[in-house]
Structure formats: C-alpha cells, structure tokens
Amino acid sequence: MTSLRAALTQIVGDAFEAEGLPHAFGQVQDSDRPDLAQFQCNGALAAVKFLNGRPADGSPAGAAKANPRAIADKIAARLKADPLFAKVEIAGPGFLNLDVTDAMLAMQLDAMRADARLGTPDTGAGRTVILDFGGPNIAKPMAVHHLRSSIIGDCLQRLYRANGWTVISDVHLGDWGLQMGQLITEIELEGTAPIYFDPNITGPYPQESPVTMEALETLYPRASAACKANPARLEAARRATVELQAGRPGYRALWKHFVTVTEAGLTREFESLGVKFDLWNGESSVDGLIPPMIEDLKARGLAQTSEGALVVDVAREDDKKPMPPLILVKSEGGVLYGTTDLATVIERVRDHAPALILYVVDHRQHGHFEQVFRAAHLAGFAGQAELEHVGYGTMNGPDGKPFKTRAGGAMKLYDLIEMGKAEAEKRLAEQGIGADYSAAERAGIARKVGIATIKFADLSNHRTTDYVFDLERFSKFEGKTGPYLQYAAVRIQSILRKAGTFDGVPSSLTSPEERALALHLLALGDVLAAAEDKRAPNMLCDYVFELAQVFSRFYAAHHILSESDATLRAARLGLCAQVLAVLTKVLDLLGIEVPERM
RNA sequence: GCACCCGUAGCUCAGCUGGAUAGAGUGUCGCCCUCCGAAGGCGAAGGUCAUAGGUUCGAAUCCUAUCGGGUGCGCCA
C-alpha cells in the first residue's frame, strides 16, 4: 500500500502540475507545527524561486514577479475540491497547511491492518544486498567497539529484509592478516606445540587445539606487544604470515585451530546479542581467488611494482588529498586486507550478483574503502553492484577517550551484556514484580531488557557520531530507552489479555489522542523507507519512541477496558492492537524482543 | 603539512536536500495512582544553534574565514 503521505504528495503534486508547475513542488511532509495542521507543503515558496529564475523566453510566468501566496491560493483552490481534506489553509509566506478527514484516517488504518506487511514499503523489490558487518578478529575476544558494527549491521539487515530486499549478511572474520603470523611465532617461541613447526612433518596434526580461547586472549596481546617492541619479532611474524598464506601445512593446521576455537566463542557472543549471519566467511575465504586476481590485474596493466610492493594506483587527477595506492602484495610477499577485500568483491559479485554491498565498519576506515572501491571499479570487478562504506563513530568513555574498564582493559561485549542483565534483574526485584515468575522467566526478561537497553542506547545515536559510552546511561530504564518501549508494549499486551475477544470493528477516531496515534501509525512506511535510504537506525528509534509516547498519552487520557460504549471499546482495543503490532515490528527491526510481561 | 568530520539546553544527543515559535531524553522544581501496569502522564525553568562575515524574501541547515575538538594520510586491521 502507498503511504498516506505519498498519496497526499501525489494529489498536491497533481495540483501543481495543473497550474503548469513541476509535480515535485507537491512534496508533502509532516507538519512542523502540529498545533496548526497535520501535514504541510512548502512547494509554493520553492515555486516562486523557480518562476523568477526562469528565462523569459515565452515561458508563462516570466515577466511579473511571482507571489507565493498567490500560487498557494491556486493550489489550495484545487485541493479544497477534494473531499479527502478536512482543512486546507495558507499560512505565513505561503505554507499550505493540510488536515485529512477522520474518515480518511480511519480508512487508511483499516487498509494498514488488512495488509500483512503493515504498510512496509517494497524498496528492495527482490534485489540483493550484501551486508558486511561484525568483523571480529580471530584470537581477539569481541570488545565493545564490535558492538556498534554488530548492532547497526544487524538492524540494517532486518530493515532491508523487511523492505523487500534479498539480504546476505557476512560476518567477514579478520582471519588472514599479520595477527595470524604474530600468534604463530608466539606459539613457536613458547615451544608448547612443536609438531606444527617441524618442517619434516606435513601432517596429520592433532584434532585437539593446542590453545583454548582463553589462552589465545592472553597470547595475542603478548605477541602484539613483542612485535611492537622488537623489530626482529615483527619480521618473524611477517614471514610466518607469508608462509601461512602460501600454505605451509603446520601453520595452516595451527591456524585452523585458532579459527575453530575463536568461532565457538564468537557464536556464543552473537547468539546472546541476537545477531545472526548468513555467511561466516572471512578474509581467508578468498585465498584461492587472490593469485588469479593478481595475474589478471598485472596482465591488464592495472597492478605495478612500487617500492618493492605490488600496488594498484587509485589516485585521480582531481583528488584534493594524497591518495596512496592499494597495496596488493607486500614487499616480503604477504597480502593485506585490501587484497582480500578486493577479491571478496569478485566473489560476492560472482556468487550473488548484488545490487548493493554495504560495509558496516568504523568510519576511520574510510580511506581504506575508498581505495578498495576505486580499485574494484577500475578493474570492473563490481559489476552492477554499488559499493558503500556505512561508517560509524567511535565509542569513547565518559572522559572522551577510548572506552576502558576500570582495570584499564577494553570492555568485553560479554561483560556488558551481563551488566545489562544484572541491572534488569535488580529492577524487577525492586518493583516486586517478578516474585511469582519462574526463575527461567525472570532470567529471560532480564536478558531481553538488558539487551534492549544496550541496543537502543547505541542505535538511537546517529551512527556517524562518536559517542560517549556511558555505563550509567546504558543501565537506565527511564526516558528514551529500550525498556520504556518494551514497557509500553507489555502494557498493551496486558490490556488485550484482559479484554477477552472483541470484534474487529472498523477504526473510528473520536479524540485528539486517537488522531495523533493514527497519524503516527500511518507514517510507518515513510519512516522505513527513509531509514533505509539514509542507512540510519536512529530514525527507527525516534519513530518508535514517539509512537510509544503518543500511545502513553492516549492511555493516560482514556480508560479502555471500562468504556461502556461497546463499539467504542472495540475500536479502541483495535487501535491498541494496531499500535502493538507496529511497536513490535519496529522493535524487531532494532533487534529488540518484547517479553510477555516484565 | 594536506584532507575529511564535528562544535545545538547543566549533561547525553536529535534536527542539517534552507522555511513558521530550534526538539527529545536526562538533571532541577511542581502536579497526577479508591479505575486498564507510575519502568508512566502533565506542567515550569533552561539555548547569542563555537565566532565573524557572505548568499537569500528567509540560514542551526548553503558558502568563506577564524577558534576549538576528533579522525585519516604506503607495506596493521
């Protein structure tokens, strides 16, 4: 179904066109002044500029200066003929203020209710989008900075899916770079697993991993620090990386253990966050595509040797800043993540023919993606796919510096989730609400509420802003928070449970609160389309928060169950059910679950 | 040095394809549970939209400069 706003834009656009003006001036928006009107159109003001700027070569309105109110008058006269409008007014310099009749609102609500998709737009129309997010690294536990990629990426995949796209999400593990060589050399020096380093042995190797996830977590920082302090160690790590990538059996076997062990831990983390991926590929997945890709680029003269490395020159003449080349092969023979990213474009286009590939990665990597995208386009690897870096801001502590725990380490995602859960359980106990619930239900509620707190706090900021990761804020349940929304939904569920069966009577609107609610519900489709267009989850957060607020006002103003007029009671219950459906849907897009009670 | 991003209420943030009185949450102060869940609702106070120019009938939004903060600039990811 088309949204109410889209329908109004069509009608007002037609009116502009009938006056010999471009249809686009009929753009209708939600009113900035809800006290004056429901919708507004500023097209008359824009039309003035258009008319006055037009050359006088026979165009109809060339000579005299156009007057916005005069234009608005003509448009208004046409709109007034349409019975759909309850009010058409001109205000200020030429704003068109519009109200729709209650009957129209009710009709739209009923149409929305009848639509299984609740008025969700079909912007995807079956096209494929690949979402690359998460991006955890092997041997490193997920830290809070992975939180944003995971939460934002997951929200986008849910949104794109809802909007009719075929979505393929890929966790794209960091499993093929220098950190692998660092780990391998560290284990070699420790001497705890010599079999993997004996050049006379080519397998088979033990099934059991020589290291646990916990061991890896301490191993990596040690290896990293050693390489930073000692150039010889770094050199050894680089050599090991090259040998791993070249296929040395012992290294491959050891590496496989790293991957397996880490993946088990990551699966748990992502599961607890409620984030799922279609593909668990990594940088290493395109290993086999790299040699032919390099040969191809060399043969076509796109790759050349520079300072000992093999690079693709991606600079352009009109670049305002220096644009370094994309390095394909390092001087000692290893490949980098730019190389794997480029090969991954080839793989994705070959396997899925996407219309769009989105990379949900920290905005500091902007330069890297610029290089990769340019190289991909130069080489013609992208096919029909549009490549886009969906960057997001960094997470800082309350002091404005990168977030650290009190102990000084990076906060782990797992700890954060536990913290949210503990806070939720405490709140339940304080309210004395969950006393009669089973322990399992209480735990389930705490999990849902804790995760809602974290996700909503993260998603409600615009994704590109660096934001302060404030523990206190992340444990707040009042105000513009995830739990507020869950609470609103839970109250509606409670009402509907108590209501028993009620006939699905047609919508009818009898009060300002109901009207406001109807207008908000009917904006869903526009919001979903806009949020997709901007890749902006915070727009969903704003929408759903406002919906809950408008509902709470309605709830405070009207008693529903005790309403004596049976038809009115049923209509209000129907409205409640519709709010619940939209609330639940948008929360689901945000990755937030609603408990049955809380 | 060059490039990009940001500077909006005490605090945390929306708004930025120019438009009417710049919004929300939080914090502060007040009011509202003998009725559907108060994790709620209503109200008040609180802003030279960093600064200075410019474009425009109209600028938080576009342009320029300055100040302040952040980020990125070849063999890490």
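Every chain is numbered from 1, with letters handed out A, B, ... down the list of sequences. Keep in mind the model is a prediction, meaning the values are calculated, not measured.
Base pairing annotation: B/G74 forms no Watson-Crick or G-U wobble pair, as no partner gives both donor-acceptor distances under 3.5 Å. Pairing for B/A20 is absent, with no Watson-Crick or G-U wobble pair whose two atom distances lie under 3.5 Å. Across every strand in view, B/C35 sits unpaired, with no contact that passes the Watson-Crick or G-U test at under 3.5 angstrom. Base pairing analysis places B/A44 opposite B/U28; the two distances defining the Watson-Crick or G-U wobble pair are each below 3.5 Å. Under the Watson-Crick or G-U wobble criterion, with both distances below 3.5 Å, B/C67 is paired with B/G7. Taking a pair to require two hydrogen-bonding distances under 3.5 Å in either a Watson-Crick or a G-U wobble arrangement, B/A14 remains unpaired.
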So which protein nitrogen or oxygen atoms get under 3.5 Å of nucleotides 58-60 of chain B's nitrogens or oxygens?
residue: B/G58; atom: O6; partner: A/Lys49; partner atom: NZ; Å: 2.4

Scan nucleotides 61-66 of chain B against the protein and return all N/O pairs shorter than 3.5 Å with their distances rounded to 0.1 Å.
none

Which protein N or O atoms sit under 3.5 Å from an N or O of nucleotides 3-8 of chain B?
residue: B/C4; atom: OP1; partner: A/Lys320; partner atom: NZ; Å: 3.4

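Between A/Met323 atom CE and B/G74 atom P the separation is 11 Å, expressed in whole Å. For the pair A/Tyr467 OH and B/U26 P, the interatomic distance rounds to 19 Å; values are reported in whole Å. Distance, A/Arg233 CZ to B/C76 P: 16 Å, rounded to whole Å. Rounded to whole Å, atom P of B/C76 lies 13 Å from atom NZ of A/Lys228. Distance NE2 (A/His520) to C1' (B/A24): 12 Å, rounded to an integer number of Å. To the nearest angstrom, P of B/A14 lies 13 Å from CE of A/Met539. The nearest whole Å value for the distance from the CG atom in A/Leu459 to the P atom in B/A24 is 22 Å. Rounded to whole Å, atom C1' of B/A24 lies 13 Å from atom CG of A/Leu485.
Between A/Phe373 and A/Tyr359, the distance separating the two ring centers is shorter than 6.0 angstrom. Ring centers of A/Phe477 and A/Tyr484: at least 6.0 Å apart, outside the cut-off.
Taking only side-chain atoms of A/Asn538, from C-beta outward, the nucleotide of B/U26, B/G15, B/C75 with the closest atom is B/G15. Listed nucleotides: B/G15, B/C73, B/A24. Nearest to the side chain of A/Phe545: B/A24. Side-chain atoms of A/Leu336 lie closest to B/C75 of the nucleotides B/G70, B/C75, B/G19. Looking at the side chain of A/Lys480, the nearest of the listed nucleotides B/G74, B/U26, B/A24 is B/A24. Closest to the side chain of A/Gln40, out of B/A20, B/C75, B/C73, is B/A20.
Comparing the C1' positions of B/A20 and B/C31 gives an interatomic distance of 32 Å, to the nearest angstrom. Taking atom P in both B/A22 and B/A50, the straight-line distance is 15 Å, to the nearest Å. Nucleotides B/C16 and B/U61, compared at atom C1', are 4 Å apart to the nearest Å. The same atom, P, is picked in B/A65 and in B/U28; the two are 44 Å apart, to the nearest Å. Taking atom P in both B/G18 and B/U8, the straight-line distance is 23 Å, to the nearest Å. With both ends at atom C1', the span from B/G46 to B/G10 equals 9 Å, rounded to whole Å. Straight-line distance between the C1' atoms of B/A52 and B/G7: roughly 16 Å, to the nearest whole Å. Distance noted for atom C1' between B/A38 and B/C33: 7 Å (whole Å).
Among the heavy atoms of the strands lying under 4.0 Å from A/His462 are primed sugar atoms or P, OP1, OP2 only; no base atom is included.
For A/Arg5 and A/Phe39, the positive end is not near the middle of the six-membered ring at less than 6.0 Å and at most 45° from its axis. Cation-pi check for A/Arg569 over A/Phe502 is not met; the charged atom does not lie both under 6.0 angstrom from the ring centroid and within 45 degrees of its normal.
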task: Test A/His462 against A/Met539 for side chain to side chain contact (heavy atoms under 4.5 Å, CB included), laying out the working first.
output: CA-CA 8 Å; A/His462 184 89; A/Met539 297 178 77; over 6 Å; no
message: If you apply the rule side chain to side chain contact (heavy atoms under 4.5 Å, CB included), what do you find for A/Ile560 with A/Leu573, and how did you get there?
response: CA-CA 7 Å; A/Ile560 301 155; A/Leu573 284 168; 3.8 Å; yes
- request: List the steps and the verdict of side chain to side chain contact (heavy atoms under 4.5 Å, CB included) for A/Ile592 and A/Leu485.
  value: CA-CA 10 Å; A/Ile592 293 172; A/Leu485 300 164; 5.6 Å; no
query: How far apart are the C-alpha atoms of A/Ile90 and A/Asn97, what are their side-chain angles, what is the distance that settles it, and do they pass the side chain to side chain contact (heavy atoms under 4.5 Å, CB included) test?
result: CA-CA 6 Å; A/Ile90 299 164; A/Asn97 282 338; over 6 Å; no
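Annotation: side chain to side chain contact (heavy atoms under 4.5 Å, CB included) contacts of A/Leu336 (sequence neighbours excluded): A/Ile327, A/Lys330, A/Thr339. A/Ala315 meets the side chain to side chain contact (heavy atoms under 4.5 Å, CB included) test with A/Asp313, A/Asp319, A/Met323; sequence neighbours excluded.
For the pair A/Asp362 and A/Arg364, the salt-bridge criterion is met [side-chain N within less than 4.0 Å of a carboxylate O]. A salt bridge links A/Arg427 with A/Glu478: at least one charged nitrogen is closer than 4.0 Å to a carboxylate oxygen. The existence of a salt bridge linking A/Arg222 and A/Glu186 is confirmed by a sub-4.0 Å separation between a basic side-chain nitrogen and an acidic carboxylate oxygen. Under the 4.0 Å criterion applied to side-chain N and carboxylate O atoms, A/Glu514 and A/Arg572 are assigned as salt-bridge partners. The pair A/Arg239-A/Glu332 does not meet the salt-bridge criterion, since no charged nitrogen lies less than 4.0 angstrom from a carboxylate oxygen.
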message: Within the 4.0 Å limit for protein heavy atoms, which parts of nucleotides 36-42 of chain B are touched? Write it as a string from 5' to 3', B for base, S for sugar-phosphate only, - for none.
response: BBSBSSS
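Residues A/Ala446 and A/Glu425 come closest through the heavy atom pair CB-CG, 3.2 Å.
For B/C31, the O4'-C1' to base torsion is more than 90° from 0; the nucleotide is therefore anti.
Each of A/Leu310 and A/Tyr337 was assigned the nucleotide of RNA chain B with the nearest heavy atom; the assignment lying further toward the 5' end belongs to A/Leu310. Across the interface with RNA chain B, nearest-nucleotide mapping of A/Thr481 and A/Asn461 shows A/Asn461 to be the residue nearer the 5′ end.
With hydrogens and angles left out, the side chain of A/Asn97 and the base of B/A20 share a donor-acceptor pair within 3.5 Å. Judged by atom type and distance alone, A/Ser306 reaches the base of B/G74 through a side-chain donor-acceptor pair under 3.5 Å.
Other residues, nucleotides and ligands contribute at most 12 non-hydrogen atoms within 6.0 Å of the CD atom of A/Glu596.
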